[in-house]
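Working notes, beginning with the structure itself.
Numbers restart at 1 for each chain; the letters A, B, ... are given by sequence-line order, proteins then strands.
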Amino acid sequence: MQRIKDKLSTRLMNVCVASLCKAKQLEKAEIVIVDGIRIGLQPDVVTYNTLIAAYCRFVGIDAGYSILNRMKDAGINPDVITYNALIAGATRYSLLSKCLDLFDEMLEMRILPDIWSYNTLMNCFFKFGKPDEAYRVFQDVLLKDISVHSATFNILINGLCMNGYSENALMLFRSLKRHGFIPQLVTYNILIHGLCKSGRGNVAREFLNELVESGHIPNAITYTTVMKCCFRYRQFEEGFKIFAEMRNKGYTYDAFAYCTVASMLLKTGRITEANEYLGYIITSGFTLDIVSFNTVFNLYCKEGQLDNAYKLLYEAENGGLESDKFTHAIWIDGLCRTGNFQEAQQQLNRMSVTGFDSNLVAWNSFLNGLCKTGQLDYATHIFESMDTKDSVTYSTIVRGLCQARRFRAASKLLLSCIRGGMRILKSDKRIVIDGLRSCGLTHEARKVQSKIQMAKLLHY
DNA sequence: ATGAAGGGGA
């Protein structure tokens, strides 16, 4: 009788712990457990699994591990859910090898992975840009005759989109529907997001219609996704309309929509308006996470208020917010805008020395700053010393050279890009060709044009 | 008790 009572009470405690964890109230959850122990309740595997998931989500993977140790010390064996939570945690913090180690560890402990484990592993591979490996996991699931979940398909569709296979994702979606799969709201959100990201805004809009027609009610995520899609395709009025609708529906309960609008405004140089939206975020008491912080930080940097920006950063870091590579890139851009190129370069060098991943966007930003202020030799020097470059790097230099009317150098670089299969914007090619013509280098211009044509024929 | 969707940098 007493045992049954204890079991019931432990279950009650677990419900309590779960709801506190969900609300990010980890200290309170711990207090509930301590109180439980005081009145004779033993935390069980569910209690610890709840804690591990929450610590992984809100604190970090190491915090999750320390709960795992506490669990083992208490004599409770981890189960498949424990490992699933840890693997999901490792995925969240981009630790691929840790994910794989945990999976192996689970097998070694003779804990049978379930569909959740496979889903998590698949998602992990997709996140790391390894769609082939992810697909192998999926085939493994089919081979082992484990019954799949709708989440399995959602992860597949999302992973395919994020790895540049939106066409395959579409085919999968259609074929699943033919086989009786009923897409959920999240499935549509994934598709709309993926299609928009891969430059297929029109198809994304069709799915928005299909979503509504099949009886789903778009949520805040649907709205922010579609709004960003509008801004991306320069349909600003349409985007603002969506924002207004979100407000009316009560969907602006967090900072997401505000950040979407504000960053678009910052990108298009409408700083005063951005200020209004971000002012609302600050005064209305949303807790600033790193993303909304970076948006506000970007506002100060774009306004040239570097002192205020720095003060903001200092306060945020004292409050426990950890800056990231976005913060750093924004700061580099701010320094360049205010002419502090030396400081910018020192910051960039310090980053690579201290073993951080080299921040390509920050370097590109630096190059952009140098080009805009006509320091082409400096820019070229930096360009040559960079060991990773992308199409933005090349575009920036090509545009910079054109601006300095060094069209021959620009065309030489452009041609080397084309030879290397680098995607360069049509408008940038145009600038080079028009520039060559404008200084009477018509022969050169024609040569570049024909090489571009040739590349097109070869590539497509 | 676990997995999938929205916002930030050139």
So, with a heavy-atom separation below 4.0 Å from DNA chain B, the residues of residues 117-131 of chain A are Asn119(A), Thr120(A), Asn123(A)

Let me have the donor-acceptor pairs involving side chains of residues 272-280 of chain A, under 3.5 Å, with sequence neighbours excluded, atom names and distances please.
| from | atom 1 | to | atom 2 | distance (Å) |
| --- | --- | --- | --- | --- |
| Glu273(A) | OE1 | Arg270(A) | NE | 3.4 |
| Glu273(A) | OE1 | Arg270(A) | NH2 | 2.9 |
| Glu273(A) | OE2 | Arg270(A) | NE | 2.9 |
| Asn275(A) | ND2 | Glu303(A) | OE2 | 3.1 |

Atom NZ of Lys325(A) and atom P of dA10(B): how far apart are they, to the nearest Å? 14 Å

Under-4.0 Å salt bridge between Asp44(A) and Arg11(A): no

When you check the gap from the basic side-chain N to the acidic O, do Arg200(A) and Glu167(A) get nearer than 4.0 Å? yes

Base, sugar-phosphate, or nothing for Ser365(A), non-hydrogen atoms under 4.0 angstrom? sugar-phosphate

Just checking, any donor-acceptor pair under 3.5 angstrom between side chains of Asn298(A) and Thr295(A)? no

At less than 3.5 Å, do the side-chain atoms of His149(A) and the base atoms of dG3(B) form a donor-acceptor pair? yes

Starting from C1' on dA10(B), measure out to CG on Asp428(A) and report it in whole angstrom. 13 Å

Distance in angstrom units between Ile155(A) CD1 and dT2(B) P, rounded: 15 Å

Figure out the CE/P separation between Met106(A) and dG3(B), and round it to whole Å. 14 Å

Those residues of residues 380-391 of chain A lying under 4.0 Å from DNA chain B by at least one heavy atom: Asp390(A)

Out of dG9(B), dA1(B), dT2(B), which nucleotide sits closest to the side chain of Ala18(A)? dA1(B)

For Lys267(A) and dG9(B), is the shortest distance between a side-chain N/O and OP1 or OP2 below 4.0 Å? yes

Donor-acceptor pair present, Asp289(A) side chain and dG7(B) base, under 3.5 Å: yes

Taking only the side-chain nitrogens and oxygens of Arg57(A), find out if one of them lies under 4.0 Å from OP1 or OP2 of dT2(B). no

With the side chain of Asp254(A) defined as its heavy atoms from C-beta on, choose the nearest nucleotide among dA1(B), dG6(B), dG3(B). dG6(B)

N or O in side chain of His193(A) less than 4.0 angstrom from dA5(B) OP1/OP2: no

Can you check the Ile157(A) CD1 to dA4(B) P distance for me, whole Å? 15 Å

Could you name each residue pair satisfying side-chain hydrogen bond (donor to acceptor under 3.5 Å, both in side chains) that touches residues 210-221 of chain A, not counting sequence neighbours? Lys177(A)-Glu210(A), Tyr188(A)-Glu210(A), Asn189(A)-Asn219(A), Asn219(A)-Thr222(A)

Between atom CG in Leu172(A) and atom P in dA4(B), what is the gap in whole Å? 18 Å

Side-chain donor-acceptor pairs under 3.5 Å in residues 308-317 of chain A, sequence neighbours left out?
| from | atom 1 | to | atom 2 | distance (Å) |
| --- | --- | --- | --- | --- |
| Asn308(A) | ND2 | Gln305(A) | OE1 | 2.4 |
| Glu317(A) | OE2 | Ser323(A) | OG | 2.9 |

Sub-4.0 Å heavy-atom contacts from residues 275-283 of chain A onto DNA chain B, ordered by number: none

For DNA chain B, determine which residues of residues 79-87 of chain A have any heavy atom closer than 4.0 angstrom to one of its atoms, and list them numerically. Asp79(A), Ile81(A), Asn84(A)

Any donor-acceptor N/O pair under 3.5 Å between dA10(B) base and Asn368(A) side chain: no

Flag yes if more than 12 heavy atoms outside Lys429(A) fall under 6.0 Å of its NZ atom; otherwise flag no. yes

Sorted by chain and number, sequence neighbours left out, side-chain hydrogen bond (donor to acceptor under 3.5 Å, both in side chains) with Thr393(A) holds for Asn364(A), Asp390(A)

Charged N-O contact under 4.0 Å between Lys98(A) and Glu105(A): no

Taking only residues two or more places apart in sequence, or in another chain, which ones meet Arg70(A) in a side-chain hydrogen bond (donor to acceptor under 3.5 Å, both in side chains)? Glu30(A)

Asn154(A) CG to dA4(B) P, straight-line distance once rounded to whole Å: 11 Å

Phosphate-side-chain proximity, Lys197(A) and dG7(B), N/O vs OP1/OP2 below 4.0 Å: no

With the threshold set at 4.0 Å, does a side-chain nitrogen-carboxylate oxygen contact exist between Asp132(A) and Arg136(A)? no

Distance check needed: dG7(B) P versus Asp324(A) CG, whole Å only. 15 Å

Is there a side-chain contact between Lys228(A) and the phosphate of dG7(B), meaning an N or O under 4.0 Å from OP1 or OP2? yes

For residues 244-264 of chain A, which residue pairs qualify under salt bridge (Lys or Arg N to Asp or Glu O under 4.0 Å), counting only residues two or more places apart or in two chains? Glu245(A)-Lys249(A)

Can you run down the ring-ring contact (aromatic ring centres under 6.0 Å, His included) pairs that involve residues 52-91 of chain A, sequence neighbours left out, and say none if there aren't any? none

Count the heavy atoms belonging to other residues, nucleotides or ligands that lie under 6.0 Å from NZ of Lys325(A), then report whether that count exceeds 12. no

In residues 211-220 of chain A, what residues come within less than 4.0 Å of DNA chain B, judged by heavy atoms? Asn219(A), Ala220(A)

